[in-house]
Amino acid sequence: MSEDCRIGVYICNCGTNIAKVVNAEWVSAQVSGLPNVVCAHAYKYMCSNPGQELITRDIREQRLDRVVVAASSPRMHEPTFRKALEAAGLNPYLLEMANIREQCSWVHDDPRAASAKAADLTHAAIRRVRHHKPLEKREANYTPATLVLGGGIAGLTAAVELAEANQQVFLVERETRLGGNVGRADLTAPYLDSARDILTEKISRAKDSPRIEILTGTELVDLQGFVGNFRATVKSAAGDERELPVGAVLVCTGYQEFDATRIERLGYGRYPDVITSFELEKRLAEGRLETDDGRVPRYVSIVHCVGSRNPRYHPYCSRVCCMTALKYGHEIKSALPAATVTDIYVDMLSFGKGGEDLYRRTSELKTMFLMYEKGDPPRVRPAERGDDCGLLVQVNERLSGEIIDVPADLVVLMVGMEARSDSDEVARITGISRDPQGWFIESHPKLAPVSTATEGVYIAGCCQSPKDIPDSVAQARAAAAMVLAHVARGRIEIDARFAEVDDDLCSGCRMCNELCPYTAISFDAERRRSSVESALCKACGTCVAACPSGALSARHFTDDQIFDQIEGVLAWSSNR
Amino acid sequence: MVVRANPHLIDELEKYGAQDVVKCYHCGNCSATCPFSGGAYLFPRKSMRYLQMGLESRLRGTLEPWLCYYCGECSDQCPRQAEPGETMMSMRRWLTSRYDFTGISSLFYRSWRAGLLAIVIVGLLTGLGLVWFGLARGSLSVYDGEGAFLPAEAIHRFDWAMAAVLVLLLGINCARMWWFTIGSDHGLRVPPLEYLRQLPRLPLHFLTQKRYRECDRKRPWAIHLALMLSYLSMLILIMFFLPQVQQGPEINWAVHGLGYAAALGLIATTVYALRGRRVRSETHYRHSHETDWIFLILLLLVAATGVAQHVLHRAGLPVAANLLYVVHMMGVVPMLVLEVPFSKWSHMAYRPLAMYLSAVRDRALAAAAGQIAATGQGAATGQTAATGQIAASRPSPTAQGAAS
């Protein structure tokens, strides 16, 4: 700890965001007398240029060597204030922020208590900042090659995009053919373009590109290293392993369809004329729209939300099924104009460009739309003697309140999307987190939709959540752009904050190896010590807390810093 | 009870004029905008739904299409141009064909050519019959009095005989309407007195079309009332005062005055309606079924020839008057024989009857609900009470309850 450090404290009003509950002037007065505090100011907007200039001027004129800013969350403006420190010639890590907006003024309404809490938080920051040390960011080389995992529409798009920018791509696909689930579809919604046309173009561009190495029948078995410097081990069906040096990994592993046998009353697997949407796609593509025994169906019933939007199976919407079902209306009607199509749905989600128009056009084809209650799917049973159809679908119809029997020769189940059963394995290897449904989690749902918690590993397409072709393509191109931004920079910056192992204290128990959420810790068998790959470490502190020998410490989050911060929070509490 | 959906019903209704029912996605704007929709009768949405789903039995038992007067608000408000107003109109045509036990109505509505052919055949037969009758008894040059070509008394007897047959046919159809909407609903117990108590509604609605007036748009009501009253006046004159009407050459203002007014009313309103349908001047004129044209043209023809033969007689041209009289009858007879029990004319009976039956039905349901509330009966009947509102809007909910 620096005993004679000189600290400047700045308390932000954030317009009225903080000032309406917290008295910044009062907080400023409270902390100004504390040891090492050279100056304390309250100001309207600390993040503004004049606010930052206030800091830089004080650093120069008052010879400050530590700065505390009590303002909004550090997630908002920590980089701003670090830049201010740098501008004044101070190491940016000599800054500490106290969050008196999100964690104080926004959540309290008693001005006295809130101001007291703001003073406590600021006090804690002052105590902590005394332990800060100047830290230096480091840089590493960036390997421009990229591993694209998955040869569906997302993976193909990303690969082609990267190759267009003259970058080397390894396109790894587990199956023997490219195309993924789009390759199983006949036409696409809402414009009824051929799925094959869309794919063939991408596949031939990928195959023709000298920059793309396509590895079908191959899977990723191991991924080591960090952003810009990954070593990916892939294994072919024959068992040959190969290590690929790559700078980034794009995970585009897609989805699998819901197993319709799980909903017994739909009769899938029991009645041959109850088929899934993928089985219908196959028949449509083959131009063989008929029942199991080769008859031309007169009545086709399409059941929506099979496995989707049902708390017993999957709570989410699979996003493509409604539009696909509407598309079937067109395909069936154009193949068999005399056939009657019934759409048995929960809610018609015809969002997006062209969606509502397709819905209207399908209505005009005299498609019968029946609405069923979520969680009460229709029941399929064989038709009765004398019926002119093979099956009967019983629907508890919500818009009329009637229970009705709908004739059907073919029942098509719009099976929803679910996370692939091997997604946990992919997640483990690539260091991606999964949500409770198994979908890969992005860094930020709105602002960082294709990044993951592991830098250099990106996700695109349906492995993140159900989505349609345009969204998958957009994500793939976004991920490619992220990679190209790194490539353009050529080098990567590594955060100065990371965990370190004290070799003298480490007992080699390896407890931290398994706990690290970023797979940043590995075990050196020769030295019998664990070591942290600093470029992978996010300084989360999990290993530090877990280490039974106290061998691990995180830079910028040392025990001294944390304990003094806690004491700072509690310092005044006994007096109030 | 499970009802079987018939996906083909919608195709069937298209022949009756339904056009864009499939476009409806049940936002409910139509029912919200309709001044009559509410409480137990949530139309047009509910009927649109029955039709989309092909629930034939439900549709057959509903009174709702008759409670709609087609002001057109719903069609104008529909965000999908599903034409709910026209759908209700087509359902009235379809219901007319269901009430008719002979199947003739269904044939005429589904094939206007068949309807027109029937009109021509009946017209020609009437013409031939009258010419044969006239020549056998009288002279073409005598219009009234001794030796008249078509003596008023004979025509009068013929009119009454025809009326008796038509009333019988229409009566049977009305009875079927009652059976479909109330009678076959075994769960619905109508207190017999209610049939008597609600009886005044029949003439009230028939003569004033009170409900039509409650539509936000008043002009369609005024035109329709003028047409109906003109028609009624003429009917009364012909059925009760034919000898006085026919007798000339002097003008007997007591009967002829009313006759002139009625003829003027008929011609003016039919011309207005025909023009409206041609230029689609109002929402309810936007779509026209062939039977609408046939009905209006026939009415105009009959009114015009009636006026013409009267004028010719007064102008001292008995031969021309007699010939035109035959032509007039060639229009009147098919119009009445074919339109009264089998086609558009029948709504003159069904509409007030629907007002009456819906009132009876409401009272029966209210009585049942009150009774259950008072005695606090068990679950089986309690359900009917609890769902009274919904039940009322369904054709036969209590019948379902009893069956299941």
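Because the structure is a prediction, the values reported are computed rather than measured. Letters go in sequence order (proteins before strands), and every chain restarts at 1.
Side-chain atoms of R60(B) never come within 3.5 Å of backbone atoms of R98(B) as a donor-acceptor pair (strictly under, hydrogens ignored). Checking side-chain atoms of S37(B) against main-chain N and O of F43(B) turns up a donor-acceptor pair under 3.5 Å. Checked by atom type and distance alone, the side chain of S194(A) pairs as donor or acceptor with a backbone atom of R196(A) at under 3.5 Å. Looking only at distances, a side-chain donor or acceptor of N310(A) sits under 3.5 Å from a matching main-chain atom of R312(A).
Counted within 6.0 Å of CZ on R189(B), heavy atoms from surrounding residues, nucleotides or ligands total 12 or fewer; the atom is thus considered open.
Heavy atoms of D388(A) lying under 4.5 Å from chain B are absent altogether. Contact of R49(B) with chain A is made through the side chain alone, with heavy-atom distances under 4.5 Å.
Checking E290(B) against Y109(B) by side-chain atom types alone, no donor-acceptor pair falls below 3.5 Å. Using a 3.5 Å distance cut-off with no hydrogens or angles, the side chains of S97(B) and S105(B) do not pair a donor with an acceptor. In this structure, a donor-acceptor pair under 3.5 Å is present between the side chains of E64(B) and S47(B). Between E397(A) and S400(A), the side chains place a donor N or O and an acceptor N or O closer than 3.5 Å (distance only, hydrogens not considered). Side-chain contact check for H284(B) and E86(B): no donor-acceptor pair (N or O, by modelled atom type) lies under 3.5 Å.
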Begin with the C-alpha distance, continue with both residues' side-chain angles, and end with the deciding distance and a verdict on salt bridge (Lys or Arg N to Asp or Glu O under 4.0 Å) for E83(B) and R286(B).
-> CA-CA 10 Å; E83(B) 300 289 347; R286(B) 219 156 48 200; 3.1 Å; yes
Set out, in order, the CA-CA distance, both residues' side-chain angles and the distance that settles salt bridge (Lys or Arg N to Asp or Glu O under 4.0 Å) for D376(A) and R398(A), then state yes or no. CA-CA 11 Å; D376(A) 184 17; R398(A) 272 168 85 193; over 6 Å; no
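Remark: H287(B) engages no residue in a ring pair (Phe, Tyr, Trp, His ring centres under 6.0 Å) (not counting sequence neighbours).
Scanning both residues, Y268(A) and V274(A), for their nearest heavy atoms gives CD1-O, 3.2 Å. Residue M91(B) comes nearest to P65(B) through the heavy atom pair CB-CG, 3.8 Å, listed as atom of the first residue, atom of the second, then distance.
Taking chain A as the reference chain and counting heavy-atom pairs below 4.5 Å, the highest number among R45(B), H8(B), M53(B) is found for M53(B). Most heavy-atom pairs under 4.5 Å with chain B, from the set T342(A), V341(A), V395(A), D387(A): that is D387(A).
For residues 278-293 of chain A, a heavy-atom distance under 4.5 Å to chain B picks out no residue at all. Within residues 353-375 of chain A, the residues that have a heavy atom under 4.5 Å from a heavy atom of chain B are E356(A), Y359(A), R360(A), S363(A), E364(A), K366(A), M368(A), F369(A), L370(A), M371(A), listed by number. For a heavy-atom cut-off of 4.5 Å, chain A lies close to I10(B), D11(B), E14(B), V22(B), K23(B) in residues 10-24 of chain B.
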